[in-house]
There are 2 protein chains.
Amino acid sequence: MQNDSTESAIENYLRTLIAAGRAGERLPSTRALVARFTVSPLTVQRAVQTLAHLGLIETRPGSGNFIQPQRVIGRADFSWQTTALGPARNSLNAVGTAMALEATPAIAMHSAYPSEDLLPIRLVRTALTRAARGRASIDRPPIGGLADLRAWFASELDAQASARASGIAPDDVIIVPGSQSALTSIFRALAQPGDAIVMESPTYWGAIAAAHQAGLVIVPVARGSAAPSAEALDDAFESSGARLFYAQPHFANPTGALWSADESRAILDVVRAHNAFLIEDDWAHDFGIDADARPLIAADTDGHVVYLRSLTKSVSSALRIGAVIARGPASARIQVDRTVTDLYVSQALQAAALDVLTDPGWRTHLTRLRSALRARRDALAGQIAAQLGPDALTFLPKGGLNLWVRFDDRVDVRDLVARCLAAGVSMAPGSEWFPTEPPGSFARLNFSGPHPERFGEGIAIVARELSAR
Amino acid sequence: MQNDSTESAIENYLRTLIAAGRAGERLPSTRALVARFTVSPLTVQRAVQTLAHLGLIETRPGSGNFIQPQRVIGRADFSWQTTALGPARNSLNAVGTAMALEATPAIAMHSAYPSEDLLPIRLVRTALTRAARGRASIDRPPIGGLADLRAWFASELDAQASARASGIAPDDVIIVPGSQSALTSIFRALAQPGDAIVMESPTYWGAIAAAHQAGLVIVPVARGSAAPSAEALDDAFESSGARLFYAQPHFANPTGALWSADESRAILDVVRAHNAFLIEDDWAHDFGIDADARPLIAADTDGHVVYLRSLTKSVSSALRIGAVIARGPASARIQVDRTVTDLYVSQALQAAALDVLTDPGWRTHLTRLRSALRARRDALAGQIAAQLGPDALTFLPKGGLNLWVRFDDRVDVRDLVARCLAAGVSMAPGSEWFPTEPPGSFARLNFSGPHPERFGEGIAIVARELSAR
């Protein structure tokens, strides 16, 4: 009954009474509520029913509504589970700061998600409403996803294919509920527990956690503002026997770094030479600023690249839709894993996503988004240079949502982040993005958050806390 | 632009021309299409844009629209992947017949999903439309799910708790995108690859596939119309060292069998004695006919029961929402696995689900559903008795969506199913529900499909194909 303001008002009023009252206490009658809020008895009843279904109100027909007694029970004993469960694959801290904060601080630069004004909200609302009215709210989709949505993802890549055309077909596309589920399926499907996987360092914390979940051993290769060197990658494959290399070639999270065309070719050659897979996470496909993401899979003919992309960040977190593109037996194996994991993705979300992507307004939105991201990136970079010194910003990225900042090595970043948060500014500690020990003191500052006008103020707080050490 | 009928008509017309034409051929001009369909140029352009985005049309500004050339490439070579990938956890056949059939046959009794007339479609559409308009189409939900939705699932169980109250709290509930993802997370979180898991036999094929995905060894305990015996279960735990027992105590898939209260108590005692978990899959919670599902977790104080339930089948496959309920360290471990797998579930779907469940129309719908299922179950059971003989139906289930039929042991069920399908009747071969060799020739017939008025005709075809052997 959300969005119906009178009903919400009645609900809130009753919740206040319940919070203040004792179990078993009588609540105002329907008649009294009708009079108080000047609404129909039906509206009152709907509010009461909602709270009754949530276990807050007990309705006794003919006698009235009462505050539901909370049952008191003896303390349960779960200690037997500790032995029964044995070792864990991921710790409780596996979830990064970018996701974990529940309350938004005054000046938020920790989040992984663009703020509302950077999203195509009107398109999303229209598309979801259409999906609600159509068959998409009833029908089960084909297992790999809606044919037209698969075709859209294929054609986006096809448009970028070089003369060495890869010929990606709609059948090569598997629709997934976001890129995190894509990652867990790909790792599980293409490797066995105990296998090695090569990753850039630093890299996305969600990929690190997904590799641990799949029981894989992470072999890091260092990466700064350029791609990892082909020699280092060759070494990593050779020494570990890994068949997988997970990477974000374009506007990598957290650094924003980009592989050049030459670097991409050299890396693909190494991957091919080792009969390995490059898992290309194109997370920032829609977040190019001074450059465009040019997926490596478009230059791959023999199925060495497994590609993933998600709409969650650029369209809406409510439309959790992404795509995996793979060819050959690897594709079949990922599809089986997806089916066993999820069966299929809600057709309502798939239809709404297709609707947004094929609307002419989507291209217009992307153009506006690019300018907005450029302005925000430059504003935050300017504040960092002015207030934290010219060496704080590692480099100015050509796309993405983040700036990667390096502090003096003696700075305890977890402590700094905690103190900044207490002062109203959030950022994410860099350690979360390293599969092994961080080689310095870093933090990730997101410039797509809700307070671009307060960047200066936010960085001033960081500078103050830094010097207060 | 689905649901906009003129636009769809233009799109379909162009698709026909594209299918019939050659690459590079010119398509009718915007002006010609405006005249033909008597619509605005904008509508024509939207249809053209959709097809352009799908890679079917090439638009050359100033010159017109053309059929996009399909690139011809050399045949790719994926053979290197075969060695690189190594052994597979699940075969391509892991997906059951209930999901795999793409086209619906004339008389469909294979599906796992109720037909449209058994779903609360009006409630679903209203709820999705509200979600589209509200904050749910923009905001990211808390990681474990919307607080009110978690409270709803907790209160449903709480209402059934006995004097030995389990005191299930909203925090014990984790919202998941359907029960299949719940299963894969639970198995992965509570066991290590190579561990044993006890399962009823027959049981849900999706649980068998999820156990294989997690690298578990399945230890079957036989089950007919009653629960597995406590002695057999004790034996299975003892000999395998298993810590997990997966079961469907109420209206089990595929048989429809139900554990009695005494059987449930005896089984819970065995589970406790072995410091083990009962994974209670309450898949048919909303499908009681002559009895109600009374979850065992309501009688569990110390976290031995991990409970799962999904709304996919009873509400809509578009609202892929379910819940896992667990207590103690097990709950924390499942939550970490869910976060690493999916991060979170679309808030639009969560808000819409809550809206349906707290609408007074939901209870009314469930009452109507019960009568409809009873009538269908009895009609199909009657036809089976009349046409396949009194011994064909194993027993009349008190709930669920299926009848479990046993044929003469010499019947090759895969062959029978294929011949019936060719004759226009679908059913699911029983072998898919056995973790090991089936002890006889079984088939599952679903009575919630789209053709209840043709049950007689359908069973007549089965009888004919049986005697034609």
Side-chain angles (χ1 to χ4, degrees), chain A residues 2-3 49-50 53-55 71 73 76-78 80-82 84-85 90 92 94-95 116 121 124-125 128-130 132-134 137-138 140 151-152 155 158 165 167 177 180-181 184 193 209-210 213 243 275 301-303 317-318 320 328-330 336 339-343 346-348 358 360, chain B residues 2-3 49-50 53-55 71 73 76-78 80-82 84-85 90 92 94-95 116 121 124-125 128-130 132-134 137-138 140 151-152 155 158 165 167 177 180-181 184 193 209-210 213 243 275 301-303 317-318 320 328-330 336 339-343 346-348 358 360:
Chain A
Q2 44 160 14
N3 304 326
Q49 291 263 10
T50 302
H53 283 305
L54 294 176
R71 235 199 327 272
I73 57 156
D77 180 10
F78 305 128
W80 67 273
Q81 289 187 359
T82 306
L85 287 172
N90 264 308
L92 283 174
V95 179
E116 241 176 280
I121 291 180
V124 170
R125 291 204 155 129
L128 269 174
T129 306
R130 279 187 176 164
R133 289 193 197 127
S137 62
I138 307 165
R140 211 150 32 93
W152 184 88
S155 77
D158 227 34
Q180 189 64 29
S181 17
T184 52
Q213 189 198 61
R243 298 282 198 175
N275 283 334
T301 36
D302 294 334
S317 65
R320 257 183 108 41
V336 168
T339 310
V340 171
T341 303
D342 261 348
L343 293 182
S346 160
Q347 175 150 223
T358 53
Chain B
Q2 42 156 20
N3 304 327
Q49 290 261 13
T50 300
H53 283 305
L54 295 175
R71 235 199 326 274
I73 58 155
D77 180 10
F78 304 128
W80 67 273
Q81 289 188 358
T82 306
L85 287 172
N90 264 308
L92 283 173
V95 180
E116 242 176 278
I121 291 180
V124 169
R125 291 204 154 129
L128 269 174
T129 306
R130 279 187 177 167
R133 289 191 198 129
S137 62
I138 306 165
R140 211 148 35 90
W152 184 88
S155 76
D158 227 34
Q180 189 66 29
S181 18
T184 53
Q213 190 198 61
R243 297 280 196 177
N275 282 334
T301 35
D302 294 334
S317 65
R320 260 184 106 40
V336 167
T339 310
V340 172
T341 303
D342 261 348
L343 293 182
S346 160
Q347 176 152 221
T358 53

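Naming convention: chains lettered A, B, ... in sequence-line order (proteins, then strands); numbering from 1 in each chain.
With sequence neighbours left out, the side chain to side chain contact (heavy atoms under 4.5 Å, CB included) criterion links A:Ala330 to A:Leu190, A:Phe277, B:Gln81, B:Leu85. Evaluation of the side chain to side chain contact (heavy atoms under 4.5 Å, CB included) rule for A:Gln49 yields A:His53, B:Pro360 as partners, not counting sequence neighbours.
No side-chain heavy atom of B:Asp342 sits under 4.5 Å from any side-chain heavy atom of A:Gln180.
Judged by distance alone, with hydrogens and angles left aside, the side-chain atoms of B:Asp77 form no donor-acceptor pair with the main-chain N or O of A:Asp302 at under 3.5 Å. The backbone N or O of B:Leu343 lies less than 3.5 Å from no partner atom in the side chain of A:Arg320, so there is not a single donor-acceptor pair.
Only the side chain of A:Thr184 comes within contact range of chain B, with heavy atoms under 4.5 Å apart. Within the 4.5 angstrom heavy-atom criterion, atoms from both the backbone and the side chain of B:Ile138 approach chain A.
The two residues B:Phe78 and A:Gly303 have their closest heavy-atom pair at CE2-N, 3.6 Å. Here the closest heavy-atom approach between residue B:Arg125 and residue A:Ser137 is recorded as NE-OG, 3.3 Å. Across all non-hydrogen atoms, the minimal contact from B:Ser346 to A:Ala318 is OG-O, 2.6 Å.
With respect to chain A, the highest number of heavy-atom pairs below 4.5 Å among B:Ala348, B:Ala84, B:Ala210 belongs to B:Ala84.
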Test log, rule side chain to side chain donor-acceptor pair (under 3.5 Å), inputs B:Gln347 and A:Ser317
CA-CA 8 Å; B:Gln347 176 152 221; A:Ser317 65; over 6 Å; no

